[in-house]
Each structure stands twice: as C-alpha cells, then as structure tokens.
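The first residue in the sequence is number 1, and the count goes up from there.
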Amino acid sequence: MTCCQILFRKSFLGCFDKLVEENGSSPQGSRQARGSRKSVRSPLQTLYATDPMDPSPLHLMHQARRELLQDACRSHTHKRRVLIPDDLKHVIVDDQHGLLYCYVPKVACTNWKRVLLVLTGESGGLHDPLQIPANEAHAPGRLRALSEYSAPEINRRLRAYLKFLFVREPFERLVSAYRNKFTRSYNTAFHRRYGTRIIRKHRHEPRPEALERGDDVSFTEFVRYLVDPSTRREEPFNEHWERAHALCHPCLIGYDVVGKYETLHEDADYVLRLAGVDDHVTFPSTAGSARTTGDMAADFFKNINPELQKKLYDLYSMDFLLFNYSTPAYLQLT
C-alpha cells in the first residue's frame, strides 16, 4: 500500500505517486461501452511501458510537461493541503477505459465530454461526437464525477487510471470566456447573473436598462470585477474564468498527461491512442474562425491600464507558471 493510498483514505490527500504496474482488477461500471480497447494494458500501463530506449518525440514532450509541472509545484507550493471531494467535481470518470479527465471550460471541454459520452455508452447510440448537442454534453448526470465516489473508490481510481487535463494560455482563455458569456446575445442567464452585478459595482452612473439587462459589460469592467478582492469573498469564481489550477489541483493530483489547447488534436489523439480507442472514436475537428487567438487577446488588453494588467496577471500567475506559459509580450508590467 502506498503512502498516497493511506493518506487519501484518511483525509483525501492527493499525491504525485504513479503506479506503473497494476494488478488488472480495476473497477468497472455496470454499463458496457461501445467497442473495446485494442490492448489488454490499461492506458496508465501503456503510458509508462513505453520503451525508454526508443521513446517517440511525442512521448518525450509529454514526459517533459509532466516534469515541468512537478518542478513548478515543488517550487511554488510550499504547503500541502488536504484534497477534499469538492475538489474533484471537475474530474470525469470513464470506468470502462480507465480514464480520469479534469475539464477546464474554454479548453475544448465540450468536445471531450462528447467523446467520453461515446466511450461510456451514454451517447444515445450516436457514434460521431459532433452529433451530440452541446447542451446534452453538459447535461448533469450524463457523466460521473470522481467526487461522487467513496474515499476508497476515489483512491483506487486515482492510483489505477490515466489522469489527464487540457489547459490553455490563461489570458486567451479569459478573453474567450468574456467573448462567449458577455458579448453573445443568447447568454442572457450570464448577463442577468453576472453582468448586472458587474455593472452595478464597476460602472459609474449606469443606465437603468443596463442595470436590468446586464448585456453590455465591457472587458475593462470584467477585469475590474475579477481583480476586486470582494468578488471572491462573496462567492467563488464561475468555472469559465476560474483558474485552471483551482479547478484541477495539479499539485495535489499527479496528472499523467497535460494536454494543451495549442496542440489540441495532437494531444487528444495521444490520449485516445493510450486508451486504445483511436480506431473507435475521433476527436472532433473545430472551426478556427471564431477561436480567440493571442492577437485577439492583445487587442482586448490595449484598453486595460498597466495597474489592472498587473493585478490580473498576479491573479492568474500560477496558471502561467504551472503550465509553462510565457508572460504575454503585450502586457505592461513594469
């Protein structure tokens, strides 16, 4: 029994320990997934069984990402804390294929949920992930979260399953969240829930209709809302702009694969190959025309004064550090 297993059973503490070998008795769900893995090895075994004398460039890249993340965690987190079940609400379980996926909104999580619905047999008979409507992919209860299991069951899956997440350049993700939630007319729920609150607190002499509708929040007002200390005292950040490290806790959970939005399809194919299902399901291609790019993010930051830029960077600095993203050149931090 590992130290991780003992501590997690008592207090839900995560750790970096990874077992390369398994005894083959991983927990299975009662429902059968469509198709089966090509290999009898679990995805975790497949990852760590790669011949160290002949690794592929892709394998080396992912090994380097794991090591960089672990080094960053050791350098920038000095106090280990207890990992509680609430921390695992974003970790989706696929028992049939031995996968744990921590989803980060605005990092292709809709398509990953679609893929997992197909793999777990919860797609309603649909074989093409893109045939699954986005609202159904996000519907509660379709996919199970790790937080729903008992402590011993959580511990067993953390030890035996391939754990992966996908991250994105933090400010591109933030601008993408702003564009989607505050500039699209159909997102009235976000306008009423967050827009009205932002306008009330961060706009000088707002018009009555703006206070009622909340549908014209500027990016500067959004940034002021984020860096205002009272915002998080009143309630947690919405998942669409919460920091990736706060959603997935990479310094408490030893992720085996750190995928990136910038290499989305290459990394997604890598995970599906490890799971032995790459001939069964294909990660969906996405249209690039509406994607938030670095140049687009730079345009949004042009009207943000240096003081606010510094406060916002400090707020998201751990995501930059842990996932090895450079400080954007367009920022005025000095």
Side-chain angles (χ1 to χ4, degrees), residues 28-39 42-43 46 89-148 161-168 172-173 176-177 179-181 183-190 238-240 244 247-248 257 259-293:
Q28 296 294 324
S30 59
R31 290 163 292 198
Q32 294 295 316
R34 292 194 331 102
S36 59
R37 290 197 301 267
K38 292 181 289 188
S39 171
S42 73
T46 302
K89 287 183 175 180
H90 273 244
V91 180
I92 295 173
V93 179
D94 176 1
D95 277 328
Q96 288 83 358
H97 301 92
L99 299 173
L100 295 177
Y101 162 58
C102 185
Y103 71 91
V104 178
K106 308 310 298 176
V107 193
C109 74
T110 301
N111 281 340
W112 264 118
K113 288 181 178 181
R114 286 167 164 153
V115 167
L116 288 169
L117 285 171
V118 172
L119 291 179
T120 57
E122 294 292 342
S123 62
L126 298 175
H127 301 166
D128 179 0
L130 282 179
Q131 291 180 312
I132 303 171
N135 64 313
E136 291 187 18
H138 294 292
R142 297 291 299 274
L143 294 165
R144 236 184 137 179
L146 190 57
S147 59
E148 299 173 32
Y161 287 7
L162 183 85
K163 302 172 289 295
F164 70 99
L165 79 164
F166 274 71
V167 295
R168 183 178 186 178
E172 287 183 26
R173 175 176 170 248
S176 177
R179 293 177 64 214
N180 180 254
K181 301 306 175 186
T183 70
R184 304 289 192 264
S185 59
Y186 55 79
N187 267 323
T188 55
F190 270 81
N238 179 275
E239 63 179 10
H240 291 85
L247 295 174
C248 294
V257 176
K260 293 197 170 186
Y261 192 76
E262 295 77 13
T263 51
L264 174 61
H265 290 284
E266 182 181 28
D267 295 344
D269 290 346
Y270 180 63
V271 171
L272 295 177
R273 284 199 304 275
L274 289 173
V277 296
D278 51 305
D279 60 349
H280 167 54
V281 64
T282 301
F283 194 83
S285 297
T286 53
S289 59
R291 174 187 165 184
T292 299
T293 63

Under the side chain to side chain contact (heavy atoms under 4.5 Å, CB included) criterion, do Lys113 and Ile132 qualify, and how do the steps go? CA-CA 10 Å; Lys113 288 181 178 181; Ile132 303 171; over 6 Å; no
Side chain to side chain contact (heavy atoms under 4.5 Å, CB included) between Asp278 and Asp269: does it pass, once the steps are laid out? CA-CA 7 Å; Asp278 51 305; Asp269 290 346; over 6 Å; no
For a side chain to side chain donor-acceptor pair (under 3.5 Å) check, start with the C-alpha distance between Tyr161 and Asp95, then their side-chain angles and the critical distance, and finish with the verdict. CA-CA 8 Å; Tyr161 287 7; Asp95 277 328; 2.6 Å; yes
The test is side chain to side chain contact (heavy atoms under 4.5 Å, CB included); show your working for Val115 and Leu272 and say whether it passes. CA-CA 10 Å; Val115 167; Leu272 295 177; 4.1 Å; yes
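With sequence neighbours excluded, no residue satisfies salt bridge (charged side-chain N to carboxylate O under 4.0 Å, His left out) with Glu262. Qualifying ring-ring contact (aromatic ring centres under 6.0 Å, His included) partners for His265, counting only residues two or more places apart in sequence or in other chains: Phe283. Partners of Glu148 according to the salt bridge (charged side-chain N to carboxylate O under 4.0 Å, His left out) rule, which considers only residues two or more places apart in sequence or in another chain, are Arg144. Under the side-chain hydrogen bond (donor to acceptor under 3.5 Å, both in side chains) criterion, Glu136 pairs with no residue at all, not counting sequence neighbours. The side-chain hydrogen bond (donor to acceptor under 3.5 Å, both in side chains) check on Thr263 picks up Arg65, Asp267, with sequence neighbours excluded. Under the rule for a side-chain hydrogen bond (donor to acceptor under 3.5 Å, both in side chains), Lys106 has no partner lying at least two apart in sequence or in another chain. Residues meeting the side-chain hydrogen bond (donor to acceptor under 3.5 Å, both in side chains) test with Asn238, sequence neighbours left out: Tyr194, His240. Under the side-chain contact (heavy atoms from CB on, under 4.5 Å) criterion, Ala139 pairs with Arg142, sequence neighbours left out. By the side-chain contact (heavy atoms from CB on, under 4.5 Å) test, Thr292 pairs with Arg168, Val175, Ser176, Arg179, Met296, sequence neighbours left out. Checked against ring-ring contact (aromatic ring centres under 6.0 Å, His included), Tyr101 has the following partners two or more places apart in sequence or in another chain: Trp112, Phe164.
The distance from atom NE2 of His280 to atom NE2 of His97, rounded to the nearest 0.5 Å, is 6.0 Å. Put simply, CG on Leu99 and CG on Leu116 are 7.0 Å apart, with the number rounded to the nearest 0.5 Å. Glu122 CD to Leu143 CG: the interatomic distance, rounded to the nearest 0.5 Å, is 7.5 Å. With rounding to the nearest 0.5 angstrom, the CZ atom of Arg173 is 12.0 Å from the OH atom of Tyr261.
Residues Leu130 and Asn111 have side chains in contact (heavy-atom distance under 4.5 Å, counting atoms from C-beta outward). Residues Val104 and His90 are not in side-chain contact: their nearest non-hydrogen atoms beyond the backbone lie 4.5 Å or more apart. For the pair Leu100 and Leu162, the minimum side-chain heavy-atom distance is 4.5 Å or more. The closest side-chain heavy-atom distance from Gln131 to Arg114 is not below 4.5 Å. Residues Arg273 and Thr46 fail the side-chain proximity criterion, which asks for heavy atoms closer than 4.5 Å.
Pairing each heavy atom of Pro43 with each of Ala275, the nearest pair is CG-CA, 3.7 Å. Closest approach of Pro105 and Leu247 over heavy atoms only: CD-CD1, 3.8 Å. When all heavy atoms of Val93 and Ala145 are compared, the closest pair comes out as CG2-C, 4.1 Å.
Judged by distance alone, the side chain of Asn187 and the main-chain N or O of Phe190 form no donor-acceptor pair under 3.5 Å.
Sorted pairs that involve residues 106-135 and meet disulfide bond (SG atoms under 2.5 Å apart), not counting sequence neighbours, are lacking altogether.
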